[in-house]
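To keep things clear, I will list the structure first and then write my remarks on it.
Just so it is clear, the model here is predicted, and its values are computed rather than measured. In this chain, numbering begins with 1 at the start of the sequence shown.
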Amino acid sequence: MTTLTSDFLRTLQERGFIHQCTDLAGLDERAAKGPIIAYIGFDCTADSLHVGSLLPIMMLRWLQKTGHKPIVLMGGGTTKIGDPSGKDEARQLLTDELINANMAGIKRIFGRYLSFGDGPTDAVMVNNADWLDELKYIPLLRDIGRHFTINRMMTFESVKLRLDREQPLTFLEFNYMILQAYDFVELFRREKCVLQMGGSDQWGNIINGVELGRRTDGAELFGLTTPLLTTSSGAKMGKTAAGAIWLTADKLSAYDFWQYWRNTEDADVGRFLRLYTELPLDEVARLEALQGADINEAKKILAHEVTKLAHGEEAALEAAETARRTFEQGAAAEGLPSIDLPRAELEAGVAVVDLLVSAGLAASKGEARRLIKGAGAKMNDAAIADESAKATTADLNADGVIKLSAGKKRHALVKAV
């Protein structure tokens, strides 16, 4: 492991954030000398962000906490095209009005994690529509397009993936990487920004920006990515059978958010404590070493710390108290009915509508679907958004069961046997 001297990169390395860097030693040297300016872009495809965006948000938070300046780039312009990375088909094109509404929703999140202002390390938020909307096509082709070769662009993962699967890649989407690269150059010119960060799926786009800045402005720019994160069972972060784990309370309650982290798999506790909380590493080491039932205490601490950052201390404490009453008192006292399900069957995935019927919470599949459609069905206290949702072993909570609910008072447990 490379010995790093800057607080920023050393912190990221120790906590497991670093996957790839264009020049780790060079970036470390720059960051050790004084404040650097770095950005991460967030497209406005929904009116909130989910847990999948939490890793880059935490990178921006650590950037600021270690004395550097974060830029939150809102993709008001790039959202009009849609990032093809990791997608088999083109994203739905959104209207300007919907993009602006989504942007307003997303902006609320960052005030919890970053300090905004006019100081040297205060965060700023900018919108790439401010410059992308003003670009003229012929000048863009002459000044920017000439620095890109089709040969090279065809090698990037976002392009290869679509073509390998024989899925169409529109010329509109093909331009996305050029515009993201141009964003980096524009932020260098406007803000003296020298570092772009993002998930590993953005590596090709980030490299394009680094190289474009060198060619057009002779700029020394850097790129840094986080690893692609999944749970130990292989599930994608931020996605459950009940729907996405959103970061705003109007999309997902603080209690449901707390429960998501409380139900973390044992093998993920230490890793998630390092990435998603600010607990000292020696305390993380103590917590992840806990065995048996004691690991549940570590999960509660994880849930509290992550929820505190996203929703505030009061909401985190209230969620913990609600969980205590529901699970530690309610479940035992009420003697919730339960059904046994072969683990192999659950591993393959079982339709939630079938489980609601088997557990006696719905008289038929039709009634179960109506219950879901009316937002009356929950799994592990999170509303089930999709009538075709399936439950798997990844949905087993810390006690090894799946809690199903119909309304506020009817509950049942699914046990894997």
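- In terms of modelled atom types and a separation under 3.5 Å, the side chain of R369 and the main chain of V353 share no donor-acceptor contact.
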Chi angles and distances behind the side chain to side chain contact (heavy atoms under 4.5 Å, CB included) call for F116, V72: CA-CA 10 Å; F116 288 84; V72 178; 4.2 Å; yes
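- Shown here for A391 and M379, the closest heavy-atom pair between the two residues is CB-SD, 3.8 Å.
- Distance alone, capped at 3.5 Å, is enough to place a donor-acceptor pair between the T79 side chain and the C44 backbone.
- Distance check, rounded to the nearest 0.5 Å: CG of L55 to CZ of F17 gives 5.5 Å.
- Between F42 and F110, the gap from one ring centroid to the other is short of 6.0 Å.
- Of all the heavy atoms in A416 and L346, the pair that sits closest is CB-CD2, 4.1 Å.
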Steps toward side chain to side chain donor-acceptor pair (under 3.5 Å) verdict (E265, T231): CA-CA 8 Å; E265 297 172 36; T231 66; 3.3 Å; yes
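- Here the side chains of V185 and I144 are not in contact, with every heavy-atom distance at 4.5 Å or above.
- The backbone N or O of L252 sits nowhere less than 3.5 Å from a side-chain atom of D256 that would complete a donor-acceptor pair.
- The pair D266-K299 counts as a salt bridge, with a side-chain nitrogen and a carboxylate oxygen less than 4.0 angstrom apart.
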Chi angles and distances behind the side chain to side chain donor-acceptor pair (under 3.5 Å) call for T248, D250: CA-CA 6 Å; T248 47; D250 57 334; 3.1 Å; yes
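- L114 approaches P70 most closely through the heavy-atom pair CD2-CG, 4.2 Å.
- Listed by first then second residue, pairs satisfying salt bridge (Lys or Arg N to Asp or Glu O under 4.0 Å) with a partner in residues 22-39 read E29-K33, R30-E220, not counting sequence neighbours.
- For Q202 and Q196, the side-chain atoms include no donor-acceptor pair closer than 3.5 Å.
- A donor-acceptor pair is defined here as one N or O able to donate and one able to accept, closer than 3.5 Å; such a pair exists between the side chain of N175 and the backbone of F171.
- Although no hydrogens or angles enter the test, the distance criterion places a donor-acceptor pair under 3.5 Å between the side chain of N100 and the main chain of D96.
- In this structure, CG in L229 is found 8.0 Å from CG in D268, a value given to the nearest 0.5 Å.
- Other residues, nucleotides and ligands contribute at most 12 non-hydrogen atoms within 6.0 Å of the CD atom of E318.
- Between H50 and K251 the shortest side-chain heavy-atom distance does not fall below 4.5 Å.
- Between A323 and Y255, the shortest heavy-atom distance links the atoms N-CE1, 3.6 Å.
- No donor-acceptor pair under 3.5 Å is formed between the side chain of D47 and the backbone N or O of N102.
- Minimum interatomic distance between S232 and R271 (heavy atoms only, all atoms of both residues): N-NH2, 4.0 Å.
- Residues I372 and E387 meet the side-chain proximity criterion, which asks for heavy atoms closer than 4.5 Å.
- Annotation: the span from I206 atom CD1 to L221 atom CG amounts to 12.0 Å, rounded to 0.5 Å.
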Test side chain to side chain donor-acceptor pair (under 3.5 Å) applied to T121 and Q64, step by step: CA-CA 6 Å; T121 61; Q64 187 170 53; 5.3 Å; no
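- With contacts defined as side-chain heavy-atom distances shorter than 4.5 Å, the pair T216/F188 does not qualify.
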Side chain to side chain contact (heavy atoms under 4.5 Å, CB included) assessment of L228 paired with D201: CA-CA 8 Å; L228 177 65; D201 62 328; over 6 Å; no
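- The side-chain hydrogen bond (donor to acceptor under 3.5 Å, both in side chains) test with E278 singles out one residue from K308, R61, R15, and that residue is R61.
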Verdict with supporting geometry, I18 and T226, side chain to side chain contact (heavy atoms under 4.5 Å, CB included): CA-CA 5 Å; I18 298 177; T226 58; over 6 Å; no
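- Residues C21 and L27 meet the side-chain proximity criterion, which asks for heavy atoms closer than 4.5 Å.
- Rounded to the nearest 0.5 Å, atoms NZ (K107) and CG (L49) are 13.0 Å apart.
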Side chain to side chain contact (heavy atoms under 4.5 Å, CB included) between S233 and T393, intermediate numbers included: CA-CA 9 Å; S233 63; T393 49; 5.8 Å; no
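- In this structure, the separation between CD1 on I36 and CG on L63 is 6.0 Å, given to the nearest 0.5 Å.
- To the nearest 0.5 Å, the span separating OH on Y176 from CG on N205 amounts to 7.0 Å.
- Residues T78 and N128 have side chains that bring a donor and an acceptor to within less than 3.5 angstrom of each other.
- In this structure, R10 pairs ionically with D7, as a charged nitrogen and a carboxylate oxygen lie closer than 4.0 Å.
- Under the 4.5 Å side-chain criterion, counting only non-hydrogen atoms from C-beta, I57 is in contact with L247.
- Here F257 and W246 keep their ring centres 6.0 angstrom or further from each other.
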Salt bridge (charged side-chain N to carboxylate O under 4.0 Å, His left out) evaluation trace for E211 with R152: CA-CA 12 Å; E211 293 181 350; R152 181 79 190 283; 3.0 Å; yes
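- Screening residues 181-190 for salt bridge (Lys or Arg N to Asp or Glu O under 4.0 Å), with sequence neighbours left out, gives E186-R190, R189-D217.
- Looking only at side-chain heavy atoms (C-beta outward), M58 and W62 come within less than 4.5 Å of each other.
- Shown here for A315 and A254, the closest heavy-atom pair between the two residues is CB-CB, 4.0 Å.
- Side-chain N or O atoms of T277 include one that pairs as donor or acceptor with a backbone N or O of L273 at under 3.5 Å.
- At least one donor-acceptor pair closer than 3.5 Å links the side chain of D386 to the backbone N or O of S388.
- Residue pairs that meet the salt bridge (Lys or Arg N to Asp or Glu O under 4.0 Å) test with at least one member in residues 121-148, sequence neighbours left out, are K80-D133.
- Of the possible polar contacts, none joining the R274 side chain to the V284 backbone as a donor-acceptor pair under 3.5 Å is found.
- Remark: K415 NZ is loosely packed, at most 12 non-hydrogen atoms of other residues, nucleotides or ligands lying under 6.0 Å away.
- No hydrogens or angles considered: nothing links the side chains of Y260 and D381 as a donor-acceptor pair under 3.5 Å.
- Residues Q20 and T225 bring a donor and an acceptor atom of their side chains to less than 3.5 Å of each other.
- A donor-acceptor pair under 3.5 Å links the side-chain atoms of N127 to the main chain of A129, judged by distance alone.
- Looking only at side-chain heavy atoms (C-beta outward), K378 and L404 stay at 4.5 Å or farther from each other.
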